[in-house]
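Report on the following structure.
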Amino acid sequence: MSIYEKLNPMQQEAVYTTNGPLLILAGAGSGKTRVLTHRIAYLIDECGVNPWNILAITFTNKAAGEMRERVDDIVGFGSEQIWVSTFHSACVKILRRFADLLGYERNFVIYDTDDQKHVMKEICKRLHIDTKVHKERAILSAISSAKNEMIDAKAYALNAAGDYSKKRIADAYLEYEKTLYKNNAMDFDDLLVKTVEVLRNNEDVLNYYQERFKYIMVDEYQDTNTVQFRLVSLLAGKYRNLCVVGDDDQSIYKFRGANIYNILNFEKEFPDAKVIKLEQNYRSTKNILDAANSVIKNNKGRKAKRLWTENETGDKIVFHQYQNEYDEAYQIVEEIDKTVDQNKAQYHDFAILYRTNAQSRVLEEKFVSKSIPYKVVGGVNFYQRKEIKDILAYLKTIDNGRDNLSVQRIINVPKRGIGAASVSKAVEYAQERDMSLFDALECCEDIPRLGKTAEKIKGFVNMIAVFRAQSEYISLAELLENILEETGYIKELEEEYEEQAEARIENIDELMNKIIAYEQEEEEPTLSGFLENVALVADIDSLDESEDYVMLMTLHSAKGLEFPYVYMCGMEDGLFPSYMTIVSDDPDEIEEERRLCYVGITRAKKKLTMTCARSRMVRGSTQYNRPSRFVSEISPALFDKGRVPEKVKPELHIPKSTVYSKKQTADNIISYGKAFEVRKASALDYTVGDTVKHIKFGTGVVINIVDGGKDYEVTVDFEKSGVKKMFASFAKLKLVD
DNA sequence: TGTCTATGAATTTTT
DNA sequence: TTCATAGACA
């Protein structure tokens with residue numbers, strides 16, 4: 001029996017359809033990775049396709065690695081020749097060869113969010129843009145959206161005519177592009193945009209890659225944006241053997257420019273496209289799947305599909321409402337500990353998913369105190385830590401003297417007496433002469449009014465020059481060693497008394513390990529190569545399933561993973577769905593949150609537990625949230641009736657009717673949540689979800705109550721005047737029945 | 001120039 | 001609550 005006969009009929013069809021455009025709508029857990037890997041194997045083994053001619057694009061480096069491994073298992077040989085990579089790293093590969101066609105040097109650097117912010121800050125200063133009105137982050141995100149839609153700075157400026165605020169952003173955009181170009185740097189979006197540019201403007205290059213990639217597969221297609229779509233269309237333009245796999249219900253990156261119409265309109269773009277639906281789920285129990293389906297069906301504008309499974313019914317969904325986030329964390333950790341103690345599962349069978357990274361802290365504390373191994377995915381990326389960025393800035397400066405940003409970052413780190421005033425003199429000088437900062441520093445005796453600092457700058461320039469010379473003949477690890485030694489970076493850390501210093505040194509050691517590993521893996525290790533390796537990694541990439549720890553991560557990071565036991569915590573309106581999406585007038589935002597919820601639920605194989613807290617500290621003040629609307633979208637019959645939230649304490653009165661007190665079964669957990677009590681609320685006779693009346697704004701629904709210490713800050717969505725925030729004692733809101 | 005303090009902003013998600 | 005930045009002062 002061939003390996004393909006083990007697939008179900010739909011999967012087989014997907015594998016055997018090798019030519020022409022193909023859209024595979026693959027529901028959660030429907031074995032899409034299996035289909036993709038088998039399809040690749042089939043192309044190579046049965047259709048005689050050269051592995052060299054296959055391009056597979058995945059969402060993360062981790063997914064890419066896994067795919068290669070799995071293909072390797074079923075294909076005889078040649079899997080290493082397949083291009084399996086993320087969009088970004090594929091683009092970097094192309095640009096490293098052809099960036100010169102756009103006037104860049106091939107060793108361009110990649111700017112991360114942090115770098116972008118630095119650049120933007122300076123631009124705002126230069127252009128006299130008031131960053132109170134236009135925040136750097138907001139400008140950058142406007143630029144990013146523009147780039148994702150392939151609107152360049154000029155086009156943006158044309159578009160902005162008349163709109164003053166937009167015009168200012170356009171100015172910043174133009175300047176930003178100039179700066180990056182001058183610095184020989186690209187941001188994440190550029191990698192995609194510039195690749196498309198190269199392909200569009202150079203027929204021979206396009207032709208080369210079209211010939212090379214005769215078969216293209218794109219995973220997680222629902223999260224691609226417009227540039228990515230363009231890129232794929234260009235590459236597949238000749239042979240049209242384009243296979244995309246995705247699930248519109250799992251589209252959760254709209255905020256990052258993902259264009260859901262890429263998948264919804266695939267058939268319009270490629271009229272001859274074949275569409276195959278994979279609807280059988282192999283991952284979860286019936287209960288879990290039913291829960292997922294009952295949540296997602298509340299979304300409009302999705303492709304019709306219904307996931308089903310032959311798996312057993314399984315445990316019911318458990319829902320718990322706790323007093324506060326500490327209680328919640330304690331109970332979850334306790335439960336995991338117990339289950340593992342009883343030998344029912346191992347630590348790595350558990351994942352705790354949350355909406356925001358900040359939620360991990362309380363959980364971590366509990367894990368530490370019970371000494372249970374755990375790992376947090378995400379949060380502050382390793383490569384974004386100060387010490388790592390400092391060291392990398394040294395490496396970048398050595399690698400690419402045009403990168404002004406890195407030079408500025410390290411010129412006085414560790415302190416060598418070159419202050420901000422001197423630096424800005426040098427920057428000014430360089431700008432006037434249209435040269436790079438480093439070049440200006442090299443001839444710093446020509447820079448006016450520097451005084452004694454010129455000597456110090458000379459020292460810095462010399463040191464970099466020495467490193468640069470060394471880098472020609474010593475290994476990267478040795479180079480790093482020298483940098484740490486010569487600059488006195490480690491020494492400075494050691495002299496600090498803070499406990500943080502120790503962690504920083506550990507991180508630097510970790511970086512050293514990564515450099516050594518890179519040099520061992522790579523045939524031709526180069527400094528540029530290492531730097532780009534580092535620029536495009538996500539935290540999730542370094543995940544190792546063979547180790548036994550509980551995993552903590554955001555719902556976003558959980559995409560593509562699965563766990564026997566899943567805890568979704570912080571299931572509260574205002575947290576998930578987030579406050580921002582609740583008050584937004586774009587109903588689509590709630591739908592995206594709902595898809596996120598769907599993703600979370602479908603991560604669970606065996607058992608799903610949802611929890612929430614009555615009160616929670618958010619940014620230093622206490623919030624009172626009611627259970628998430630998503631919880632109430634799940635049919636009560638799917639919940640475990642034995643597990644209901646603890647009784648309301650007698651001293652807390654239940655407002656309005658007492659319907660809920662009859663019997664506390666799963667059937668009324670949900671409505672129960674609505675009636676929960678605000679602890680110090682004797683002063684307030686309304687709560688979240690109630691309709692209230694304001695003397696000026698009329699009637700509205702309370703959507704949030706925050707305990708600001710002295711007073712409650714109440715947020716109300718008024719019918720006529722929209723969302724308003726007010727202090728309870730001033731607002732004098734009256735409860736409307 | 002460097003350090004200390006006060007004030008303010010932020011939190012939705014990330015390649 | 002925590003981090004970052006601006007301003008004051010040595």
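From a predicted model like this one, the values you see are computed outputs, not experimental measurements. Order of the sequence lines sets the chain letters (A, B, ...), proteins ahead of strands, with each chain counted from 1.
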Atom [atom1] of [X] and atom [atom2] of [N]: how far apart are they, to the nearest Å?
X         : N       : atom1 : atom2 : value
Lys117(A) : dC3(C)  : NZ    : P     : 14 Å
Met580(A) : dA10(B) : CE    : P     : 10 Å
Leu575(A) : dT13(B) : CG    : C1'   : 12 Å
Glu136(A) : dT5(C)  : CD    : C1'   : 11 Å
His556(A) : dT14(B) : NE2   : C1'   : 8 Å
Ile252(A) : dT12(B) : CD1   : P     : 16 Å
His118(A) : dT5(C)  : NE2   : P     : 7 Å
Arg616(A) : dT11(B) : CZ    : P     : 18 Å

Strictly below 4.0 Å: does [X] bring a side-chain N or O up to OP1 or OP2 of [N]?
X         : N       : answer
Asn357(A) : dT12(B) : no
Lys386(A) : dA4(C)  : yes
Thr554(A) : dT12(B) : no
Ser557(A) : dT14(B) : yes
Lys135(A) : dA10(B) : yes
Arg361(A) : dT2(C)  : yes

| field | Closest non-hydrogen atom pair, Leu608(A) against Ile601(A) | value |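 Heavy atoms of Leu608(A) and Ile601(A) come nearest at CD2-CG2, 3.7 Å.
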| said: Measuring only the C1' atom in each nucleotide, how far is dT11(B) from dA6(C)? A whole number of Å is fine. | reply: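 Nearest-Å result for dT11(B) against dA6(C) at atom C1': 23 Å.
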| task | Using the P atom as the reference point in each nucleotide, state the distance between dA4(C) and dT13(B) in Å, no decimals. | result |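 Comparing P positions in dA4(C) and dT13(B) gives a spacing of 15 Å.
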| message | Please compare Asp189(A) and Ile418(A) by the position of their nearest nucleotide in DNA chain B and report the one closer to 5'. | response |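 Closer to the 5' end of DNA chain B: Ile418(A).
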| query | Quick one: on DNA chain B, does Val423(A) or Leu596(A) contact a more 5' nucleotide (nearest heavy atom)? | reply |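 Nearest nucleotide further toward 5': that of Val423(A).
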| query | Which residues satisfy the side chain to side chain donor-acceptor pair (under 3.5 Å) test with Gln250(A), sequence neighbours excluded? | reply |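 Applying side chain to side chain donor-acceptor pair (under 3.5 Å) to Gln250(A) gives Asp247(A), Arg603(A).
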From the set [options], return the single nucleotide nearest to any side-chain atom of [X].
X         : options                  : answer
Lys121(A) : dT14(B), dT11(B), dA6(C) : dA6(C)
Asn412(A) : dA6(C), dA10(B), dG2(B)  : dG2(B)
Lys415(A) : dT1(B), dT15(B), dG2(B)  : dG2(B)

| message | Any donor-acceptor pair under 3.5 Å linking the side-chain atoms of Ser528(A) with those of Asn107(A)? | response |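 No.
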| query | Of Arg595(A), Lys559(A), Arg256(A), Lys254(A), which meets salt bridge (Lys or Arg N to Asp or Glu O under 4.0 Å) against Asp223(A)? | reply |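 Of Arg595(A), Lys559(A), Arg256(A), Lys254(A), salt bridge (Lys or Arg N to Asp or Glu O under 4.0 Å) with Asp223(A) is met by Lys559(A) alone.
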| With sequence neighbours left out, what residues match Thr581(A) under side chain to side chain contact (heavy atoms under 4.5 Å, CB included)? |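 So Thr581(A) forms a side chain to side chain contact (heavy atoms under 4.5 Å, CB included) with Pro577(A), Ser578(A), Glu589(A), Ile590(A), Glu593(A).
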Select base, sugar-phosphate, or nothing to describe what [X] touches, counting heavy atoms under 4.0 Å on all strands.
X         : answer
Glu593(A) : base
Arg595(A) : nothing
Ser422(A) : sugar-phosphate

| request: Return yes if the base of dT13(B) and the side-chain atoms of Arg355(A) contain a donor-acceptor N/O pair under 3.5 Å, otherwise no. | output: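 Under the 3.5 Å cut-off, the side chain and the base do form a donor-acceptor pair.
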| message | Ring centres within less than 5.5 Å and planes less than 30° apart: is that true of Phe59(A) and dT15(B) in this structure? | response |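 Answer is no, no stack.
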| Identified side chain to side chain contact (heavy atoms under 4.5 Å, CB included) counterpart of Val376(A) within the set Met551(A), Met553(A), Glu364(A) |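 For Val376(A), the side chain to side chain contact (heavy atoms under 4.5 Å, CB included) test succeeds with only one of Met551(A), Met553(A), Glu364(A), which is Glu364(A).
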